Amino acid sequence: MPVMSYIQAITQALHEEMERDEKVFVLGEDVGVRGGVFRATEGLYEKFGETRVLDTPLAESAIAGVGIGSAMYGMRPVAEMQFADFIMPAVNQIISEAAKIRYRSNNDWSCPITIRAPYGGGVHGALYHSQSIESVFANQPGLKIVMPSTPYDVKGLLKASIRDEDPVLFLEHKRAYRLIKGEVPEEDYTVPIGKADVKREGTDITVITYGLCVHFALQAAEKLEAEGIDAHILDLRTVYPLDKEAIIEAASKTGKVLLITEDNLEGSIIGEVSAIISENCLFDLDAPIKRLAGPDVPSMPYAPPLEKEFMINPDKVEHAMRELAEF
Amino acid sequence: MVKVDKLNKVAEQRHGRLGLTDEQVLDMYRTMLLARRIDERMWLLNRAGKIPFVVSCQGQEAGQVGASFALDRQKDFALPYYRDVGVVLAFGMTAKDLMMQAYAKADDPNSGGRQMPGHFGQKKNRIVTGSSPVTTQVPHAVGIALGAKMEKKDFVSFVTFGEGSSNQGDFHEGANFAAVHKLPVIFMVENNQYAISVPLSKQVACEKISDRAIGYGMPGITVDGNDPLAVYEAVKDARKRGNNGEGPTLIEVISYRLTPHSSDDDDRSYRGREEVEEAKQKDGIYSFADYLRKLNILTEEIETKMEKEIKKIIDDATDDAENAAYADPKSIYKHVYAE
């Protein structure tokens with residue numbers, strides 16, 4: 001099976017979906033001739049032409065809104081926000097429109113759009129090229145939020161998102177783009193939206209996380225294994241709506257739960273995960289639920305030591321996992 | 001009789017010159033009148049405590065219907081805003097559909113009673129579902145037109161909004177996008193002089209809303225919204241341009257909002273009665289009726305019959321809606337996602 005990077009899996013998924021269905025098209029800033037500032041759409045313009053790989057004016061609400069209109073018409077748009085931090089002008093279109101079109105029309109209209117956006121820090125991107133934005137959208141029924149961690153999941157989930165009948169926010173960790181590599185089947189496959197995935201079986205502690213932090217947890221788990229700590233790691237993959245069953249199962253398995261997000265702590269996805277565990281697993285727990293997250297400051301600063309202070313890293317994860325195991 | 005002949009000649013120069021038959025202009029008038037009478041009935045029902053909310057089309061029917069008749073109502077897409085009773089009727093929605101919406105009943109085709117009145121949507125007639133935050137429909141119209149271009153279809157998308165909405169970013173972002181990509185969109189501003197209580201002079205500093213078109217490299221024109229034929233002509237031209245790959249057009253239709261903003265508003269606190277009375281004198285429904293009467297297209301007999309028929313349609317629609325069922329409360333869990 002070929003090994004490829006996280007971003008190559010994105011490009012391959014887009015390429016295959018555009019070949020499979022001519023209603024699939026890409027729109028965004030710099031996605032055409034340039035192939036995207038991160039190169040996620042590299043080669044698509046040459047292959048599919050400027051009509052299906054559309055360089056748009058610099059205006060995020062229009063990128064989302066025009067995509068939404070085309071989806072209502074029957075196209076399968078994949079809109080790109082150049083950075084997740086810049087999605088804010090499009091929030092009205094995503095929340096008031098895309099998420100509610102099916103519901104408000106009583107199932108008469110639908111909006112099968114995929115909105116891709118690179119999020120996350122650790123790339124010296126400072127306040128406005130580093131943010132995690134999922135919690136802004138994570139209480140909007142009608143919307144799905146997918147945040148894959150591995151190239152395999154990227155390809156399968158991006159295909160599933162494009163084929164989904166409802167709007168999907170597909171958030172890609174930009175540091176994972178070239179850092180994370182993995183095996184990806186050449187054939188066509190999808191990974192179901194709404195299903196978490198056990199990335200490591202273990203018996204002592206449970207780590208529930210998503211995105212790049214999955215890899216930090218896996219690295220820490222390898223180290224801790226030598227100390228006799230066996231970690232169970234659940235990758236949420238879809239952060240809205242959450243896979244409650246998988247969360248309850250994973251939490252109950254070890255009775256000790258660490259929740260990790262790169263987002264600011266208060267109001268983040270893991271707060272909801274914690275609530276699900278509290279409501280369902282009280283008598284299975286052997287320790288208080290532990291959370292590891294970014295601090296409650298607006299976003300991560302630019303200077304390397306300041307950024308490091310904000311970011312989750314393998315050491316912080318390892319430390320938190322050990323503390324929980326020793327409780 | 002010489003006089004009538006002269007007038008007939010004039011008529012040929014107006015609706016005849018535009019390619020409209022006598023039957024078509026009579027149908028236009030009937031649609032305008034139906035919109036007005038439905039709206040009037042809704043106010044009565046609201047004041048009688050039967051329906052909770054009305055947001056009106058009164059004063060804007062001529063522009064709405066004139067524009068709609070210039071479109072291909074078998075293939076074009078309409079993205080109306082909340083006052084567009086004239087547009088949705090012209091596109092195939094019925095008085096009964098509108099009453100079901102006003103009463104928020106399960107058979108409301110717009111939303112099954114989920115949305116407030118004025119939030120139109122009916123896929124079978126290509127009336128695109130809308131929301132309450134204003135102007136969000138503008139980029140949608142552009143996206144639908146993008147679909148036309150990509151699939152090489154010859155329909156256009158027609159989107160309306162108020163002059164206040166022409167300040168929203170979505171108007172500017174959508175207009176620019178459509179112009180850059182030469183998409184078949186008709187942007188129609190229904191300038192009714194007020195955004196709730198705020199007059200035009202406090203909304204924009206430019207002379208005309210249509211002046212905004214130049215910034216996007218598209219034609220912008222202003223027409224009299226009380227004259228359905230003038231609006232028809234403008235939209236017809238815009239449609240032709242769109243179909244020819246020449247891109248979008250911005251059309252400003254000048255009218256006057258004859259009612260308060262909605263049934264919850266009291267416009268006496270922000271505008272004088274004289275101003276409203278003066279606007280009523282220019283009401284497009286009356287001037288168009290005069291035009292048709294002078295040409296003997298709208299005879300007394302036709303008019304009486306038309307009013308009677310419309311009353312019957314609205315009476316029946318009201319009864320049906322009043323007696324119809326609400327959706328099952330348990331249905332609120334449905335259609336969050338595809339099932």
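This structure is a prediction, so every number in the text was calculated from the model and none was measured. So that the names make sense, note that chain A is the first sequence line, chain B the second, and so on, each numbered from 1.
Rounding to the nearest 0.5 angstrom, the gap separating the NE2 atom in B/His335 from the CG atom in A/Asp166 is 11.5 Å. Atom CG of A/Asn106 sits about 4.5 Å away from atom CZ of B/Arg114, to the nearest 0.5 Å.
Only the side chain of A/Lys23 has a heavy atom closer than 4.5 Å to any heavy atom of chain B. Looking at B/Phe171, neither its backbone nor its side chain comes within 4.5 Å of chain A, counting heavy atoms on both sides. Proximity to chain A (any heavy atom under 4.5 Å) is restricted, for B/Leu146, to the side chain, taken from C-beta onward. With a 4.5 angstrom heavy-atom cutoff, B/Val128 touches chain A via backbone and side-chain atoms both. Contacts between A/Asn107 and chain B at a heavy-atom distance below 4.5 Å involve backbone atoms as well as side-chain atoms. No part of A/Leu58 comes within reach of chain B, as not one of its non-hydrogen atoms sits under 4.5 angstrom from that chain.
Classified by interplanar angle (parallel below 30°, tilted 30° to 60°, perpendicular above 60°), the ring pair B/Phe155/A/Tyr73 is tilted.
Shortest non-hydrogen contact noted between B/Glu173 and A/Ala62 is OE1-N, 2.6 Å. Closest of all the heavy-atom pairs between A/Leu27 and B/Phe177 is CD1-CZ, 4.4 Å. Between B/Asn176 and A/Pro57 the shortest heavy-atom distance is ND2-CB, 3.5 Å.
Using a 4.5 Å cut-off on side-chain heavy atoms (C-beta onward), A/Glu22 and B/Met150 make no contact.
Applying the 6.0 Å contact sphere to CD of B/Glu151 captures more than 12 heavy atoms from other residues, nucleotides or ligands.
A donor-acceptor contact shorter than 3.5 Å links the side chain of A/Gln93 to the backbone of B/Thr136. At least one donor-acceptor pair under 3.5 Å links the side chain of A/Arg104 to the backbone N or O of B/Thr129. The backbone N or O of B/Ile332 lies less than 3.5 Å from a partner atom in the side chain of A/Tyr103, making a donor-acceptor pair.
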Does the pair B/Tyr337 and A/Lys144 meet the rule for a side-chain contact (heavy atoms from CB on, under 4.5 Å), with working shown?
CA-CA 9 Å; B/Tyr337 299 103; A/Lys144 298 175 184 179; 3.5 Å; yes

